[in-house]
Amino acid sequence: ESSLESTGVPSEFLLMQPSERLELEAELRLETGDAAGALACLVALSENSPEQWAFHEKYLDAVVDAEPWEGQVDAQIGARGRCWALQDSLPHARSPWLLELELLKRWGSKPLPAAWVKEKTTTANEISRLLLAYVERFSTKLCCFLDVQPYLSAAGASLLPALDALFAA
């Protein structure tokens, strides 16, 4: 430890795992207003650990919830494409599908970008469609219904008949 102290770098930082250092860098970049830099760190983190939900949440913090920054609109439009790419590469993982739901929930009532949808729809209808697809895909997992619970109110009442039909089949 004495050799670590002589470097002038706190030993806690040197003993961190690479993912912890990258996560800390992303947090510091967000705090200092460098959302684009934070986004690069968070993309790397989520690609290296796609099932680590905290990385996806921080990614959305930078893309959707951060103070406006240059390039944010492009990052927002690219976020849904990123969800689709993760879904294609990890079809059996839950997090890419939940990432898309969380993105839309955070998007709220703003009009959906044209690149996000094939036909004009509302956020609530799109969330309903995704929830049904998620339940169909993962209903055999016990955690499925806990996963979708945060998104039910965003989907609205139109989801209930579709869920009834799904489980009646």
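The residues of the chain are indexed from 1 along the displayed sequence.
- Side-chain contact between V43 and E47 is present, with at least one heavy-atom pair separated by less than 4.5 Å.
- Inter-residue side-chain proximity for C41 and R29 is flagged as met; some heavy-atom pair is nearer than 4.5 Å.
- Using modelled atom types, one side-chain atom of Q72 and one backbone atom of V63 make a donor-acceptor pair closer than 3.5 Å.
- Under a 3.5 Å cut-off, the side chain of S46 and the backbone N or O of F55 do not form any donor-acceptor pair.
- Remark: side-chain polar atoms of R137 are paired, donor with acceptor, to backbone N or O of P91 under 3.5 angstrom.
- Of the possible donor and acceptor atoms, one in the side chain of T122 sits under 3.5 Å from a partner among the backbone N and O of N125.
- With rounding to the nearest 0.5 angstrom, the CG atom of L152 is 10.5 Å from the CD1 atom of I127.
- For the atom pair CG of L131 and NZ of K105, the computed distance is 10.5 Å after rounding to the nearest 0.5 Å.
- At a threshold of 4.5 Å between side-chain heavy atoms, the hydrophobic network of Ile, Leu, Val, Met, Phe, Trp and Tyr places L90 and L99 in one connected group.
- Side chains of E100 and Y134: no donor on one and acceptor on the other come within 3.5 Å.
- For W116 (side chain) and I77 (main-chain N/O), a donor-acceptor pair under 3.5 Å exists by modelled atom type.
- Across all non-hydrogen atoms, the minimal contact from L103 to C83 is CD2-SG, 4.3 Å.
- Put simply, the side chain of Q52 does not reach to within 4.5 Å of the side chain of L45, judged on heavy atoms.
- Here the straight-line distance linking atom CG of L98 with atom CG of D147 works out to 4.5 Å at 0.5 Å rounding.
- Both L22 and L39 belong to a single network of hydrophobic side chains, linked directly or stepwise wherever heavy atoms of I, L, V, M, F, W or Y lie under 4.5 Å apart.
- Neither W84 nor L104 shares a network with the other; the hydrophobic side chains, linked directly or stepwise wherever heavy atoms of I, L, V, M, F, W or Y lie under 4.5 Å apart, form separate groups for each.
- By the 4.0 Å N-to-carboxylate-O rule, R106 lies close enough to D61 to be salt-bridged with it.
- Within the model, atoms CG of L60 and NZ of K58 stand 12.5 Å from one another, a figure rounded to the nearest 0.5 Å.
- Between V148 and F138, the closest side-chain pair of non-hydrogen atoms is not below 4.5 Å.
- Contact record, V135 with C144: CA-SG, 4.0 Å, taken as the closest heavy-atom pair.
- In terms of heavy atoms, L86 sits closest to P96 at CB-CB, 3.7 Å.
- Remark: the backbone N or O of P50 is paired with a side-chain donor or acceptor of H56 at under 3.5 angstrom.
- Relative to the six-membered ring of Y59, R82 meets both conditions, a distance below 6.0 Å and an angle of at most 45° to the axis.
- Put simply, CD on E27 and OG1 on T32 are 11.5 Å apart, with the number rounded to the nearest 0.5 Å.
- In terms of heavy-atom proximity, A38 sits nearest to A26 at CB-O, 3.4 Å.
- Looking at E25 and R21, no side-chain N of the basic residue comes within less than 4.0 Å of a carboxylate O on the acidic one, giving no salt bridge.
- In this structure, the separation between CH2 on W107 and CD on E102 is 14.0 Å, given to the nearest 0.5 Å.
- E126 and R80 are joined by a salt bridge, as a carboxylate oxygen and a charged side-chain nitrogen come within less than 4.0 angstrom of each other.
- Between the side chain of S95 and the backbone N or O of W53 there is no donor-acceptor pair closer than 3.5 Å.
- Closest heavy-atom contact between S128 and L159: O-CD1, 3.7 Å.
- For K120, the NZ atom counts as loosely surrounded, since its 6.0 Å shell holds 12 or fewer non-hydrogen atoms of other residues, nucleotides or ligands.
- Both F145 and W97 belong to a single network of hydrophobic side chains, linked directly or stepwise wherever heavy atoms of I, L, V, M, F, W or Y lie under 4.5 Å apart.
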